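As the structure lists them, so they are numbered: ligands from 1, and atoms in each ligand from 1. For the single chain, residues carry numbers from 1 onward in sequence order. Remember, it's a predicted structure, so these values are computed and weren't measured experimentally.
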Amino acid sequence: MSSTTTATGTIVAATDVSKVYGSADTQVHALRGVSLGVAESEFTAVMGPSGSGKSTLMHCMAGLDRPTSGSITVGGTEITSLRERQLTDLRRDRIGFIFQKFNLLSELTAEDNILLPFSIAGRSPDQEWLRTVIDILGIRPRLGHRPSQLSGGQQQRVAIARALATRPDVVFADEPTGNLDSSSGREVLEFLRRSTGDFGQTIVMVTHDPSAAAAADRVVLLADGRIAGELRRPSRQDVLAALDELSR
Ligand SMILES: Nc1ncnc2c1ncn2[C@@H]1O[C@H](COP(=O)(O)OP(=O)(O)OP(=O)(O)O)[C@@H](O)[C@H]1O
């Protein structure tokens, strides 16, 4: 079983997680006994070669997919045994998502996109928190715009506001800078970093980009469905060297 240090204050814990896709001779072992603890208020990046299991791990930890075996807890709740309805509620209430392609609803304004999780849940947002998030992200002047009227960087900031608005236990970000130019990408990473330092938000980000990973507190390396190592506050060069080592 691969494992990495589980810090105290662990908010998401995967224990001996395996995921097998397909059956019989078409089986793919996407994860082979991964154990990983995500510390509260930390920015964790997951990296590794294509096909190493990054998306599968993130989807399992976020309750979007079920592991074949092993345990996953989010905020102390074992999610692998939850029914579909309970999983949907847990994702809505305790998890935020940021995607490479922003995933904003094109017919809604930026503000309505940010408020969508609340409309779905039939709840009111914490107005003061919402104001703080919107102001820090600098999107107040854009709240009445639809996604097509916003740049990629602005759309991603709206998506970040939507993810943070519910104050989730953890935000999962899937290549959040993948569709952005380098300066918008840097801004987005800066916001993500700030949300961990200033607000104690926990973030798990899957990325291929060594510069993006270098913004994280911790970089977990996956290879062939196993944890292959980790780096603490690495530079871009450290990340590149570790990836190079993995591909040997
Ligand atoms: N739904 C699926 N059905 C069958 N095999 C799958 C499925 N999803 C992923 N796989 C396989 O599982 C392995 C891990 O895939 P995964 O997408 O998790 O890797 P990744 O590290 O995120 O890759 P990439 O960097 O290319 O996005 C790969 O061999 C992939 O082909």
Side-chain angles (χ1 to χ4, degrees), residues 1-4 12-38 43-72 74 79-80 82 84 87-88 91 95-103 152 156 159 163 170-180 182 185 188-189 192 202-216 218-231 234 236 238-248:
M1 172 177 120
S2 325
S3 73
T4 87
V12 183
T15 309
D16 204 11
V17 167
S18 292
K19 176 72 183 180
V20 184
Y21 288 110
S23 55
D25 49 348
T26 62
Q27 275 193 354
V28 177
H29 290 261
L31 297 175
R32 302 167 184 265
V34 170
S35 293
L36 172 66
V38 174
F43 186 0
T44 302
V46 179
M47 292 201 90
S50 180
S52 57
K54 303 181 293 294
S55 301
T56 304
L57 177 61
M58 189 168 85
H59 288 164
C60 288
M61 292 197 300
L64 291 167
D65 199 354
R66 289 182 194 270
T68 307
S69 62
S71 148
I72 293 172
V74 175
I79 66 166
T80 53
L82 292 183
E84 215 43 57
L87 257 188
T88 306
R91 284 197 301 264
I95 296 177
F97 292 96
I98 301 168
F99 302 94
Q100 181 173 357
K101 292 184 178 160
F102 322 132
N103 287 24
Q156 195 60 304
V170 53
V171 168
F172 289 99
D174 190 357
E175 292 277 358
T177 58
N179 267 340
L180 301 178
S182 54
V188 158
L189 290 165
L192 294 179
T202 307
I203 297 184
V204 179
M205 168 179 76
V206 166
T207 184
H208 284 104
D209 177 0
S211 304
R218 176 190 188 198
V219 178
V220 175
L221 299 162
L222 276 187
D224 196 22
R226 294 189 175 88
I227 288 184
E230 73 169 84
L231 305 166
R236 181 172 180 276
D238 297 334
V239 176
L240 280 169
L243 289 174
D244 188 44
E245 188 70 25
L246 270 190
S247 62
R248 279 164 201 261

Please classify the Val28 to ligand 1 contact at 4.0 Å (heavy-atom distances, strictly less than): side chain, backbone, both or neither.
side chain

Report the C-alpha distance between Met61 and Val170 in whole Å, list the side-chain angles of each, state the deciding distance to 0.1 Å, and finish with yes or no for side chain to side chain contact (heavy atoms under 4.5 Å, CB included).
CA-CA 10 Å; Met61 292 197 300; Val170 53; over 6 Å; no

Of all the heavy atoms in Pro49, does at least one lie under 4.0 Å from an atom in ligand 1?
yes

Which pair of heavy atoms, one from Pro49 and one from Leu246, lies closest together, and at what distance?
CD-CD1, 4.0 Å

Distance-only donor-acceptor hits, side chain of residues 202-216, under 3.5 Å, sequence neighbours excluded:
unit_1, atom_1, unit_2, atom_2, d
Thr202, OG1, Ser41, N, 2.8
Thr207, OG1, Asp209, N, 2.9
His208, ND1, Glu175, OE2, 2.4
Asp209, OD1, Ser211, N, 2.8
Ser211, OG, Arg236, NE, 2.8

Keeping Glu230 on the side-chain end and Arg218 on the backbone end, is there a donor-acceptor pair under 3.5 Å?
no

Identity and distance of the protein heavy atom lying nearest atom 18 (O) of ligand 1
Thr56 OG1, 2.5 Å

If I compare all heavy atoms of Ile79 with all of Arg66, which pair ends up nearest, and what's the gap?
O-NH1, 4.1 Å

Can you pull out the closest protein heavy atom to atom 14 (C) of ligand 1? Residue, atom name and distance to 0.1 Å, please.
Gly51 O, 3.4 Å

Closest approach of Leu231 to Ala242 (non-hydrogen atoms, all atoms of both residues):
CD1-CB, 3.8 Å

Atom 26 (O) of ligand 1: which protein heavy atom is closest, and how many Å away?
Ser50 OG, 2.6 Å

Can you see which heavy atom on Pro176 is nearest to which on Leu192, and at what distance?
CG-CD1, 4.2 Å

Determine, using heavy atoms of Gly48 and all atoms of ligand 1, whether some pair is separated by less than 4.0 Å.
no

Heavy atom of the protein closest to atom 6 (C) of ligand 1 (residue, atom name, distance):
Tyr21 CD1, 3.2 Å

Any non-hydrogen atom of Ser52 lying under 4.0 Å from ligand 1?
yes

Which protein heavy atom lies closest to atom 21 (O) of ligand 1, and at what distance to 0.1 Å?
Lys54 NZ, 2.8 Å

Test your reading of the model: is there a side-chain donor-acceptor pair from Thr15 to the backbone of Ser35, 3.5 Å cut-off?
no

Within the structure, does at least one protein heavy atom fall under 4.0 Å of atom 31 (O) of ligand 1?
no

Indicate whether atom 2 (C) of ligand 1 is within a distance of less than 4.0 angstrom of some protein heavy atom.
yes

How many angstroms lie between OH in Tyr21 and OG1 in Thr68, if you round to the nearest 0.5 Å?
8.5 Å

Please confirm whether Ala30 comes within less than 3.5 Å of ligand 1 when only nitrogen or oxygen atoms on both sides are compared.
no

Top protein contact for atom 17 (O) of ligand 1, by heavy-atom distance:
Ser55 CB, 3.8 Å

Protein contact to atom 19 (O) of ligand 1 [nearest heavy atom, distance to 0.1 Å]
Gly53 N, 3.3 Å

Give me the atom names and distance for the closest heavy-atom approach of Thr80 to Gly70.
CG2-O, 3.8 Å

Is His59 in contact with ligand 1, taking contact as a heavy-atom separation below 4.0 Å?
no

